[in-house]
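Here the structure is laid out as structure tokens; the discussion comes afterwards.
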Amino acid sequence: MKNFVAEPLLLALQALQQQGLLQGVPIQLDFDRPRQPEHGHLASNVALLLAKGAGKKPRDLATSILGALPESPWIERVEIAGPGFLNFFLRPAAFHAVIAQVLGQGRDFGRQNLGGGLRLHLEFVSANPTGPLHVGHGRGAAYGASLAEILRFCGYDVFCEYYVNDAGRQMDILAASVYLRYLEAAGHGLPWDFPQSAYRGEYVREIAAHLLAREGDALVFASKNMPDLAAIADGDAAIDQLIAHLKDALGAAAYGRLHAAGLQEILADIRDDLAEFGVVYQNWYSERSLMEQGAVERAIARLEEGGHCYRAEGALWFRSTDFGDDKDRVLQRENGAYTYFASDVAYHFEKGTRGFSQLIDMWGADHHGYIPRVRASLQALGADANALEVLLVQFAILYRGTEKVSMSTRAGEFVTLRQLREEVGNDAARFFYVLRRADQHLDFDLELATKHSEENPVFYIQYAHARVHSLRRQALERGLSLPTQPPDLACLTDPRELELADRLWRFPEQVASAARDREPHQIAFYLKDLAAGFHTYYNATRILVEEDALRLARLSLADAIAQTLANGLALLGVSAPETM
RNA sequence: GCGCCCAUAGCUCAACCGGAUAGAGCAACGGCCUUCUAAGCCGUAGGUUGGGGGUUCGAUUCCCUCUGGGCGCGCCA
């Protein structure tokens, strides 16, 4: 739609160039949507931008441009204002064309091909499978899923992946926690209190109960000669001793079943939870498979071949300081075990070999210090470090009223994503999560979200959508005809109607902007604005009037608005109900 | 101490890769339902964009500095 103005303006600038007025000045077209209606529907500051290079005063240049503008069926008039802005006023026909376009394109209105099919890898959530997802993870899930949809709508080939940390010490702690609950469920009391450093959530008992149902007493024997945890002051050391004992006593096969019991149940839960939330992955990538395939060894060998490693204090280090990191990082510990970082080096390198042009990672903001070392590793491995883009998502801080809610997974004190979804509904949750920029802290007041969920702006938007469909139902009930394609919009002359069409026209731009900035909240705010415009119009103007032409034209406008609301809501994973 | 992020109306947040007079919602106050869904609409009030410098025709936006907050600085993940 900007072409209505961009094409004539470009022609004018080219004409001036031929006259020698803009020699050596690179032409750049730039438009603004003025806040003030007096400033037109579109304003261009080209004269201000090009004035310096052309050696002219901005207003004089603007006058020259104005003189060179060809006639256009869409442009009513052009004014020069302020320091040299060119303000374009469009004819109603331009807005009618927008409405027709929305109705013609339907669900594809707003779709565009910015990406050109570029393959893009998007990793998000990737929470450790040591417990159910909590409300904090929900933000990443909603944000990532919405971003994926927006990017797809803009012509990118997006591949969503969840990186499963199924290999680390945290999983061993989970296994040990399950084992202790298993003993309890089997009727064997623990010789000491349940450890503080183990996972104490209720879900661990459930996993243990299922394990007991499958295994019976078969694993109880390993409770003999357990280390005396009560005697070990350091909780982490205590749990590590317990893990070592269990691995030894149970043997690889039985310990593997114990380990898998927790992992598989929790992973299945996470998968279902996210699927119900409308968050779908193309792949779940196992950290353990990375290790079993030798990818970590290969990556480290490659680093060593490049001379980026050294041994010190018994450990193998990566000289990340050569690539701008604060300090060097350990890849392999003194005890021979690889660090989490080593897996991540391999994982990110491996991603790059799968043919993606760009890698987008979404991390919690607490991981920001991690970016330089991952970048450094990609650089050292000869990969394109610029292909990795890390989006940091700030924490969601939970409140219950004015009180901060603890969010410890170990202690099992948290509100799960599932609980939240059940309380406020998927639509409200999805929308609420993307309502603010990712780099803003999200204050999530549970009391407010549950008690006053009807105040959530998602209902405001859905209500506007439902109202349009209500109009259509009303029209049918009264035996009135509905619009046909293409609509006749000539009688839409009211400034409010044209202004609404103006907002519709903005949708594709907003989608592109949201994709470029990786900011789904832009869509959310746009939809609020469009819904507000419709509610105002609805209250001020009767749509189902007797006069056929006017009624059909207004219904067409309403249909176009509903279509755009539905398209936008779909990008955010929110439903667009026809009745409320 | 070093690094990253943030600071806009009483509260929660917008402001289109620098644009013209900084906008919404909530809270407050006052109006609108015998006609298309009042989960709505209209109006009033609310600001030195944390302070100070700089760049620019032009700064909430970019740079510097200070203040205040969040997070990080493990052979944890």
Side-chain angles (χ1 to χ4, degrees), chain A residues 30-36 38-39 43 45 48-49 51-52 57-58 81-85 87 127-128 130 165 167-171 173 236 287 312-317 326-327 329-341 343-344 364-372 392 394-395 397 435-437 439-443 445 448 452 454-460 462-464 466-475 477-478 480 506 509-510 512-514 516-517 521-522 524-526 528-529 531-532 534-545 551 554-555 558 579-580:
Chain A
D30 198 16
F31 293 100
D32 272 324
R33 288 173 171 282
R35 292 193 176 106
Q36 266 62 43
E38 315 87 84
H39 295 151
N45 58 358
L48 292 151
L49 291 176
K52 193 172 247 180
K57 288 181 183 171
F85 290 104
N87 294 337
N128 284 349
T130 53
N165 295 118
R169 175 170 171 267
Q170 295 303 323
M171 289 309 301
I173 296 176
D236 281 332
E287 179 186 6
E313 300 160 56
L316 181 67
W317 296 72
D326 288 341
K327 48 182 86 167
R329 308 292 171 179
V330 170
L331 292 165
Q332 190 175 23
R333 296 180 200 128
E334 204 172 349
N335 65 10
Y338 293 114
T339 58
Y340 172 85
F341 174 59
S343 313
D344 246 8
D366 56 333
H367 283 61
H368 68 255
Y370 212 73
I371 299 173
L392 295 176
Q394 292 289 337
F395 279 172
I397 305 167
L435 200 47
R436 36 199 48 108
R437 275 188 358 225
D439 57 10
Q440 289 279 355
H441 289 276
L442 175 63
D443 289 330
D445 185 339
L448 207 72
H452 305 285
E454 72 278 1
E455 286 173 14
N456 193 305
V458 71
F459 296 113
Y460 182 82
Q462 290 179 321
Y463 185 42
R467 269 184 156 172
V468 175
H469 285 271
S470 175
L471 285 170
R472 296 177 62 91
R473 285 191 298 272
Q474 281 284 325
E477 273 176 31
R478 296 186 205 170
L480 300 170
R506 201 182 159 141
E509 297 169 21
Q510 201 62 249
S513 172
R516 183 197 61 208
D517 299 337
H521 83 274
Q522 290 187 24
F525 278 91
Y526 169 83
K528 273 167 66 173
D529 186 60
F534 178 71
H535 284 309
T536 296
Y537 177 65
Y538 179 91
N539 275 274
T541 313
R542 188 159 182 81
I543 292 167
L544 297 181
V545 292
R551 183 184 70 251
R554 285 179 174 168
L555 270 175
T579 58
M580 285 183 75

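Below, chain A is the first sequence line, B the second, and so on; all start at residue 1. All values below come from the heavy atoms of this structure, side chains included, with hydrogens, waters and symmetry mates left out.
Across all strands shown, Gln462(A) has no heavy atoms under 4.0 Å from either base or sugar-phosphate atoms. Among the heavy atoms of the strands, none lies under 4.0 Å from Ala532(A). Counting any heavy atom pair closer than 4.0 Å across all strands shown, Ala540(A) reaches no nucleic acid atom. Within the 4.0 angstrom heavy-atom criterion, only backbone atoms of the sugar-phosphate kind lie near Asp366(A); the bases stay farther away. In this structure, Arg33(A) reaches the bases: a heavy-atom distance under 4.0 Å links it to at least one base atom across the strands shown. Using a 4.0 Å heavy-atom distance criterion, Asn87(A) is classed as a base contact. Among the protein residues, Tyr538(A) comes within range of the nucleic acid bases, having at least one heavy atom under 4.0 Å from a base atom. Contact annotation for Ala315(A): base contact, defined as any heavy-atom pair under 4.0 Å involving a base atom. At a threshold of 4.0 angstrom between heavy atoms, the contacts of His368(A) include nucleobase atoms, whether or not backbone atoms are also involved. Counting any heavy atom pair closer than 4.0 Å across all strands shown, Arg473(A) reaches a base atom. Residue contacts for Glu287(A): at a heavy-atom cut-off of 4.0 Å it reaches no nucleic acid atom on any strand shown. Here Thr541(A) lies in heavy-atom contact (under 4.0 Å) with a base.
Listed pair Thr536(A) / rC42(B) meets the phosphate criterion, a side-chain N or O lying under 4.0 Å from OP1 or OP2. Dashed line: the shortest gap from a side-chain N or O of Arg467(A) to OP1 or OP2 of rA38(B) is under 4.0 Å. Arg437(A) has no side-chain polar atom (N or O) that falls below the 4.0 Å cut-off from OP1 or OP2 of rC5(B). Taking side-chain N and O atoms only, Gln474(A) has a distance below 4.0 Å to OP1 or OP2 of rU37(B). Listed pair Tyr460(A) / rC26(B) fails the phosphate criterion, with no side-chain N or O lying under 4.0 Å from OP1 or OP2. For rA20(B), the OP1/OP2 oxygens have a side-chain nitrogen or oxygen of Arg35(A) closer than 4.0 Å. Neither OP1 nor OP2 of rG3(B) sits under 4.0 Å from any side-chain N or O of His367(A). Under 4.0 angstrom from either OP1 or OP2 of rG74(B) there lies at least one side-chain N or O belonging to Lys327(A). Considering only side-chain N and O atoms, Arg333(A) lies under 4.0 angstrom from the phosphate OP1 or OP2 of rA77(B).
Among rU37(B), rA77(B), rC36(B), the nucleotide with an atom closest to any side-chain atom of Ala466(A) is rU37(B). Across rC16(B), rA14(B), rG19(B), the shortest atom-to-atom separation from the side chain of Phe85(A) is found for rG19(B). Across rC41(B), rA77(B), rU21(B), the shortest atom-to-atom separation from the side chain of Asn539(A) is found for rC41(B). Considering only side-chain atoms of Thr339(A), the nucleotide from rA39(B), rC36(B), rC75(B) that sits closest is rC75(B). For Gln36(A), the listed nucleotide lying nearest its side chain is rA20(B); candidates were rG72(B), rA20(B), rA14(B).
Atom CZ of Arg436(A) and atom P of rA15(B) are 12 Å apart (whole Å). Distance, Leu471(A) CG to rU35(B) P: 15 Å, rounded to whole Å. Rounding to whole angstrom units, CG of residue Asp32(A) and P of rG58(B) are separated by 17 Å.
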- Could you walk me through whether Arg169(A) and Asp236(A) pass the salt bridge (charged side-chain N to carboxylate O under 4.0 Å, His left out) check? CA-CA 11 Å; Arg169(A) 175 170 171 267; Asp236(A) 281 332; 3.5 Å; yes
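The same atom, P, is picked in rU8(B) and in rG70(B); the two are 15 Å apart, to the nearest Å.
Under a 3.5 Å cut-off, the side chain of Asn539(A) and the backbone N or O of His535(A) do form a donor-acceptor pair. One N or O on the side chain of Thr339(A) and one on the backbone of Leu331(A) form a donor-acceptor pair closer than 3.5 Å. Under the 3.5 Å distance criterion, the side-chain polar atoms of His368(A) are matched with a main-chain donor or acceptor of Ala365(A).
Side-chain contact check for Asn165(A) and Gln170(A): no donor-acceptor pair (N or O, by modelled atom type) lies under 3.5 Å.
Using a 5.5 Å limit on the distance between ring centres and a 30° limit on the angle between planes, the aromatic ring of His39(A) counts as stacked on the six-membered base ring of rA20(B). In this structure, Tyr463(A) forms no aromatic stack with the base of rG40(B), since the conditions of centre separation below 5.5 Å and plane angle below 30° are not both met.
Of all nucleotides present, only rC2(B) satisfies the Watson-Crick or G-U wobble test against rG72(B), with each distance under 3.5 Å.
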